Amino acid sequence: MRVPTASRTVRIGFKGIRTTTDESVLDWDYTPEMYNYRIQNGVLTGKLGLDAAKGFDAVLHGARHAYPALPSGVKVKGIFHYRRRHQGNYDDRLVIQTSEGALYYTAVFENDTWHEVAGYTLSGDAAAVSYNYGGKDVLLMCSPSSTFAVLDDGTVKTVTSAPRFSSVTVHNERIYGTLNGESNQLWFSDDFNPENWSVSGDEAGYISFSDECGDALAAVSFLGYLYIFREHGIYRLTAYGDQSEFSLKKLFTATGRIYKNTIALCGDRIMFLTDEGVFTFDGYTASPAVRDLPDIAFPTQCSAAYHDGAYWLACSLTGCDLVPIPYTNNVLVRYGIRDGDMSMLAAADILALCSVRSHTAADIVLSVKTGGEYKLASIGEYGTAFDTVFPKIYRTPFSDLSSPTIKTVRDVTLTTRYALKLTVFADDDSREFELPGSSAPQTVFVGMSGRKIGLQLRSESGVCYVTQPVVRLDITAQR
């Protein structure tokens with residue numbers, strides 16, 4: 001007796017990544033796994049990659065030049081943007097901290113070489129901020145294991161009277177630094193003087209924290225206030241003029257831990273990673289932002305920056321095997337702040353990143369390890385890492401499409417302008433189909449049956465263009 005069947009057509013919608021919904025009930029418009037593709041205007045593209053980091057021209061908008069190759073044997077642990085003017089001209093510097101604590105700098109707005117900063121070691125988890133001190137543009141540098149220092153051009157002056165801060169920032173006329181561990185304090189300098197940390201009623205001072213919110217991680221100047229991020233909360237400091245009029249208010253308590261190096265000022269908000277995911281903070285309240293971020297391993301190794309309307313988070317995802325181990329962070333997540341679009345780049349080990357914004361410059365510079373070499377990178381749009389193509393993966397949910405009956409995949413139709421490997425899964429079976437690049441739609445006849453089915457689109461090309469696949473099914477009628 002002939003078993004009755006019904007036909008069904010399913011379009012894969014390319015509406016984004018969903019990890020908070022079990023894929024057994026996830027709609028095929030969404031994907032539980034996508035690496036190295038971007039979804040743009042309803043199609044898959046490869047406009048996500050890594051290029052060699054480049055500097056800018058101070059006059060010609062859009063003109064770029066390559067930064068010099070890193071000094072031999074250098075592994076970059078930290079990157080800082082030193083904003084500087086010299087004789088009326090832009091003279092910004094890119095400063096790197098090596099894993100050994102050495103410092104080098106090179107020019108952002110002209111061709112240059114690397115210059116080593118002599119007489120100072122900046123070790124551990126460091127921070128830096130630009131400041132105009134006595135009419136000169138300097139870079140203030142700190143870490144819990146190094147003496148606070150002032151970099152003026154290529155010369156360092158240490159400030160032994162200052163505590164060893166975990167972070168430093170500028171707000172109104174003072175320098176603010178966080179001190180964690182047993183002390184757990186927020187320090188502030190004398191007015192206009194990063195070298196005066198003498199505690200008194202009219203010079204420097206500090207605020208101690210003795211509650212349950214944990215270490216003071218970082219201070220961020222935002223919307224006219226200073227926001228102090230601690231491991232489990234955010235405080236707002238109103239600090240105008242006389243320190244006797246400073247006012248501190250607690251605004252947010254985090255259930256889990258806040259991670260210092262993921263705190264990034266993103267235009268009209270601050271974003272940061274916690275044990276409960278990424279949050280956005282508008283100066284008054286904090287709320288979840290990247291709801292479908294996969295589970296992160298080793299969040300203390302994560303770091304983040306803001307660039308081009310997106311929050312970029314370097315993290316370690318255990319489910320991704322596209323970057324060889326060992327690594328610090330194997331994925332760079334791009335989260336579009338306005339549209340909520342999320343993409344994930346898995347093409348290199350990412351050690352550090354820094355936003356560079358000044359005059360004609362707008363970039364994000366990353367310290368990466370790829371092909372066994374340490375390099376500086378910028379975000380690219382050609383689906384390659386330093387001209388080397390990496391695989392791109394999009395997978396549908398593997399599910400029964402809300403029906404326990406047998407489903408036969410008759411065919412799959414799509415347009416791919418570049419070579420593509422289509423894999424069809426049916427229960428415990430799978431079959432691969434190689435599609436050549438073409439501007440015309442292509443139909444692949446499959447003929448596989450199972451209660452649970454799924455598809456994977458894998459590209460080994462740099463640039464990509466894949467339209468939404470249409471899957472035709474025969475579904476056995478239930479009795």
Side-chain angles (χ1 to χ4, degrees), residues 5-46 48 290-295 317 319-320 333 335-336 339-344 346 391-418 420-435 441-459 464-478:
T5 61
S7 297
R8 180 180 174 185
T9 300
V10 178
R11 177 182 291 273
I12 300 171
F14 294 164
K15 290 187 177 180
I17 301 170
R18 291 289 183 273
T19 61
T20 55
T21 302
D22 190 290
E23 67 176 281
S24 65
V25 295
L26 182 63
D27 191 286
W28 273 32
D29 278 341
Y30 300 96
T31 172
E33 182 182 29
M34 182 179 76
Y35 293 110
N36 301 329
Y37 281 118
R38 282 197 65 186
I39 299 173
Q40 296 178 295
N41 301 318
V43 300
L44 293 183
T45 74
L48 193 63
V290 190
R291 297 182 181 274
D292 285 282
L293 185 70
D295 291 336
L317 302 184
C320 176
V333 176
Y335 175 75
D339 59 12
D341 171 62
M342 183 171 71
S343 304
M344 296 191 290
K392 300 159 185 64
I393 295 172
Y394 182 101
R395 185 172 64 82
T396 71
F398 183 59
S399 67
D400 62 8
L401 293 174
S402 302
S403 171
T405 59
I406 299 294
K407 287 159 281 290
T408 299
V409 181
R410 293 176 60 186
D411 55 55
V412 179
T413 300
L414 56 81
T415 299
T416 177
R417 294 179 181 173
Y418 306 90
L420 183 77
K421 180 185 290 183
L422 167 68
T423 304
V424 180
F425 302 92
D427 291 342
D428 296 327
D429 193 14
S430 65
R431 194 177 303 168
E432 296 179 350
F433 303 88
E434 301 283 352
L435 281 70
Q442 300 182 59
T443 297
V444 176
F445 296 97
V446 180
M448 294 175 64
S449 299
R451 297 183 186 276
K452 297 175 70 174
I453 58 174
L455 273 65
Q456 177 178 281
L457 308 172
R458 182 183 177 105
S459 172
C464 300
Y465 183 95
V466 184
T467 63
Q468 299 173 11
V470 175
V471 183
R472 289 201 305 163
L473 305 171
D474 288 333
I475 302 176
T476 304
Q478 290 181 299

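Excluded from the calculations below are hydrogen atoms, water molecules and symmetry mates; all remaining heavy atoms, backbone and side chain alike, are included. These figures come from a predicted structure and were not determined experimentally.
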Backbone N/O of [Y] and side chain of [X]: donor-acceptor pair under 3.5 Å:
| X | Y | result |
| --- | --- | --- |
| T19 | D292 | yes |
| E33 | I393 | no |
| S459 | K392 | no |
| D411 | V444 | no |
| T31 | R395 | yes |
| R458 | P391 | no |

SB check R451 D400 (cutoff 4.0 Å):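 No, R451 and D400 are not salt-bridged.
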N-O pairing of R38 and D341 below 4.0 Å: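 Yes, charged N to carboxylate O under 4.0 Å.
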Distance-minimising heavy-atom pair for T396 and I12: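 Result for this residue pair: CG2-CD1, 3.5 Å.
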Over all atoms of both residues, closest heavy-atom pair of Y394 and Y37: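 The answer is N-CE1, 3.5 Å.
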Within 6.0 Å of CG in D429, more than 12 heavy atoms from elsewhere: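 Yes, because the 6.0 Å sphere around CG of D429 holds more than 12 heavy atoms from other groups.
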Crowding at CZ, R18 (>12 non-hydrogen neighbours, <6.0 Å):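 Yes.
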